[in-house]
Structure formats: structure tokens, C-alpha cells
Amino acid sequence: MINGPILRAEGLKKVFRTGDSDLVLFDNLTFQVETGEMLAIMGQSGSGKSSLLHILGALDRPTAGRVHCANLSVGTLTEDAAAEFRNREIGFVWQFHYLLPEFTAKENVAMPLMLRGVGRAQAEQEAAKWLAEVGLADRASHRAGELSGGEQQRVSLARALVTGPKLLMADEPTGDLDNATAEAVFELIERLHSNHGLTSLIVTHSTRFARRCRRVMVLHQGKVSEVKPETLSGFDS
């Protein structure tokens with residue numbers, strides 16, 4: 001059982017060394033995410049959105065500060081423990097699908113389970129269920145190059161969720177898609193979020209998608225502020 005917020009960030013700071021100077025992406029970020037929330041993270045390019053998501057998902061470490069996720073202090077985990085934590089607790093979706101081209105859609109979705117030690121037959125059976133969940137039951141035997149961009153992103157969603165994570169972290173999941181396909185993929189994310197009781201953190205440039213989230217955080221000049229979704233304007237994709 002998770003006691004309190006599923007995720008807490010306390011005083012996060014991230015600094016990159018560039019030549020003889022330091023680039024401070026953000027400093028003293030403190031916030032929390034309640035179980036079941038859908039949170040949009042917005043900001044201009046280079047504001048640190050992806051870096052923040054990587055830190056929250058145990059893919060990177062902050063320069064200072066702490067992250068508590070699913071009752072664990074993420075920053076204290078060893079590399080092996082962090083990898084196990086990511087496989088167990090978090091489903092990642094990126095702007096690019098990163099499907100393995102030599103494998104079928106079903107094999108790509110089964111991969112996280114097989115890395116966990118699940119047998120191939122059981123893993124592929126579970127993968128087939130998730131491909132049906134995202135509307136791709138009839139594309140299970142197709143390789144990545146035989147799928148459209150929207151289909152590839154649906155496969156990546158199935159792969160992210162096949163292990164039953166508590167958190168979905170998505171970095172510009174519709175950024176490479178045309179408007180109609182992006183709308184279909186975001187509708188799918190909304191449905192999966194609701195039907196499977198997920199907590200979702202979504203980095204996006206799209207105000208029309210951010211408005212559909214429960215909360216919106218904006219990174220600007222190294223600080224974070226929260227805005228009401230309904231106050232966002234624009235109809236970008």
C-alpha cells in the first residue's frame with residue numbers, strides 16, 4: 001500500500017556543466033502527485049521538462065534534492081535496484097517509440113515481462129491482451145516498420161503498461177504524430193489512465209491536451225508554477 005502521495009519531489013535541483021560554466025535547469029522544485037492524478041508538465045524547449053521526468057522516473061539523479069516514489073527514496077537506490085524499480089512501478093512512453101525493429105509487436109510488448117523473468121509463452125499471452133486493449137490485436141505479428149506512426153505509439157503504450165505499473169510517464173507522446181493521430185493516441189491514454197487506475201505524468205507542448213489533465217505544472221526559468229488547466233489558451237497540437 002502507498003501511504004500519502006504516490007510521488008513527492010523535495011528541493012530538486014539539476015545542474016549541467018557546460019565548458020567552464022554551470023547551466024542550472026531548475027532549482028528547489030518541490031511538489032507532490034496524488035494517486036490517480038493526470039498531470040501535464042509544460043514549458044519551453046530547454047526548460048528541463050524531460051530532465052525532470054527522467055529524475056522522477058529514476059533514469060537520472062538530481063544534483064540536489066530528493067524524490068520519493070511508491071514509498072521509496074528513489075535517489076538512494078543502486079543502479080540495479082533502480083532498474084528493478086522502473087520495471088515494476090513505472091511505464092515509460094517517449095516521443096519516439098523505440099520499438100525493436102527485428103521483433104514483432106507482440107514480442108516488443110512481451111519484452112519487459114521476459115526481462116522480469118516471466119516465461120516467453122506467458123509473456124506473449126499477456127502482450128496479446130494488451131495489444132487488444134490498445135486496438136491492435138490484428139497487428140500482433142507485424143514488425144515496427146510495417147506499422148503506422150500511430151500504431152507504433154499504441155504498441156509502445158502496451159509495452160509500457162504490460163507489467164502493471166502504478167505510474168505512466170510520457171514524454172511528448174504525441175509529438176511525432178499528425179493532429180488526427182495525436183488526438184486518437186491521447187484519447188487512448190485518457191482511457192487507459194481511467195480504466196487501469198493509473199497516475200500519469202505527461203510532458204507536452206500541447207495546450208489542448210494539457211487542458212484535459214487534472215493539473216498542469218509549468219517549468220519556466222528554473223522554477224515551477226501550477227496553473228489551472230482551463231486557463232490555458234491555444235489550439236496547438
Side-chain angles (χ1 to χ4, degrees), residues 1-2 6-7 35-36 38 53-54 56-60 69-72 74 77-174 176-177 181 184-203:
M1 290 289 293
I2 296 175
I6 191 171
L7 187 148
T35 300
M38 180 180 275
L53 201 69
H54 288 182
L56 298 177
L59 289 166
D60 193 10
C69 185
N71 290 335
L72 287 173
V74 173
L77 299 176
T78 65
E79 290 299 320
D80 287 345
E84 181 182 350
F85 164 77
R86 291 191 299 268
N87 182 271
R88 184 180 67 248
E89 304 289 356
I90 302 175
F92 292 99
V93 178
W94 311 107
Q95 181 171 347
F96 185 72
H97 53 78
Y98 293 112
L99 299 178
L100 298 173
E102 64 271 30
F103 294 104
T104 66
K106 183 165 63 176
E107 290 167 339
N108 268 281
V109 175
M111 200 70 65
L113 289 175
M114 295 174 67
L115 289 172
R116 186 184 279 188
V118 177
R120 184 185 182 97
Q122 182 181 348
E124 290 194 356
Q125 183 179 24
E126 192 64 23
K129 292 179 183 177
W130 273 97
L131 285 171
E133 180 81 6
V134 301
L136 292 177
D138 60 341
R139 307 291 274 171
S141 62
H142 289 69
R143 288 179 169 80
E146 301 172 316
L147 302 173
S148 69
E151 288 172 336
Q152 290 168 344
Q153 200 63 313
R154 286 171 178 265
V155 173
S156 72
L157 272 166
R159 180 184 57 189
L161 298 177
V162 71
T163 58
K166 299 178 179 70
L167 275 160
L168 173 65
M169 294 190 178
D171 192 354
E172 296 285 357
T174 62
D176 275 349
L177 305 175
T181 306
V185 167
F186 196 82
E187 285 180 358
L188 176 61
I189 291 173
E190 290 177 311
R191 177 169 62 80
L192 295 172
H193 172 89
S194 176
N195 290 353
H196 296 279
L198 299 174
T199 303
S200 302
L201 280 67
I202 303 173
V203 169

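The side chain to side chain donor-acceptor pair (under 3.5 Å) test applied to Gln95 returns Asp176, not counting sequence neighbours. With sequence neighbours excluded, no residue satisfies salt bridge (charged side-chain N to carboxylate O under 4.0 Å, His left out) with Glu187. In this view, Thr199 satisfies the side chain to side chain donor-acceptor pair (under 3.5 Å) rule with no residue, not counting sequence neighbours. In this structure, Arg86 has no salt bridge (charged side-chain N to carboxylate O under 4.0 Å, His left out) partners at least two apart in sequence or on a different chain. A search for side chain to side chain donor-acceptor pair (under 3.5 Å) contacts involving Glu190 returns Arg212, not counting sequence neighbours.
For the pair Val74 and Glu89, the minimum side-chain heavy-atom distance is 4.5 Å or more. In this structure, Ile189 and Leu168 have side chains that are in contact, with non-hydrogen atoms separated by less than 4.5 Å.
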request  = Take Leu188 and Arg191 through the side chain to side chain contact (heavy atoms under 4.5 Å, CB included) test and state the conclusion after the steps.
outcome  = CA-CA 5 Å; Leu188 176 61; Arg191 177 169 62 80; 2.9 Å; yes
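Residues Val93 and Ser156 approach most closely at CG1-OG, 3.8 Å, considering heavy atoms.
Judged by distance alone, with hydrogens and angles left aside, the side-chain atoms of Gln153 form a donor-acceptor pair with the main-chain N or O of Trp94 at under 3.5 Å.
Inspection of the Glu151 and His142 side chains reveals no N or O donor paired with an N or O acceptor under 3.5 Å.
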Could you list the donor-acceptor pairs under 3.5 angstrom formed by side chains in residues 100-113, with sequence neighbours left out?
{"unit_1": "Thr104", "atom_1": "OG1", "unit_2": "Glu107", "atom_2": "N", "d": "3.1"}
{"unit_1": "Thr104", "atom_1": "OG1", "unit_2": "Glu107", "atom_2": "OE1", "d": "3.4"}
{"unit_1": "Glu107", "atom_1": "OE1", "unit_2": "Thr104", "atom_2": "N", "d": "2.9"}
{"unit_1": "Glu107", "atom_1": "OE2", "unit_2": "Arg120", "atom_2": "NH2", "d": "3.0"}
{"unit_1": "Asn108", "atom_1": "OD1", "unit_2": "Leu100", "atom_2": "N", "d": "2.7"}
{"unit_1": "Asn108", "atom_1": "ND2", "unit_2": "Leu100", "atom_2": "O", "d": "3.1"}
{"unit_1": "Asn108", "atom_1": "ND2", "unit_2": "Phe103", "atom_2": "O", "d": "3.3"}
{"unit_1": "Asn108", "atom_1": "ND2", "unit_2": "Thr104", "atom_2": "O", "d": "3.0"}

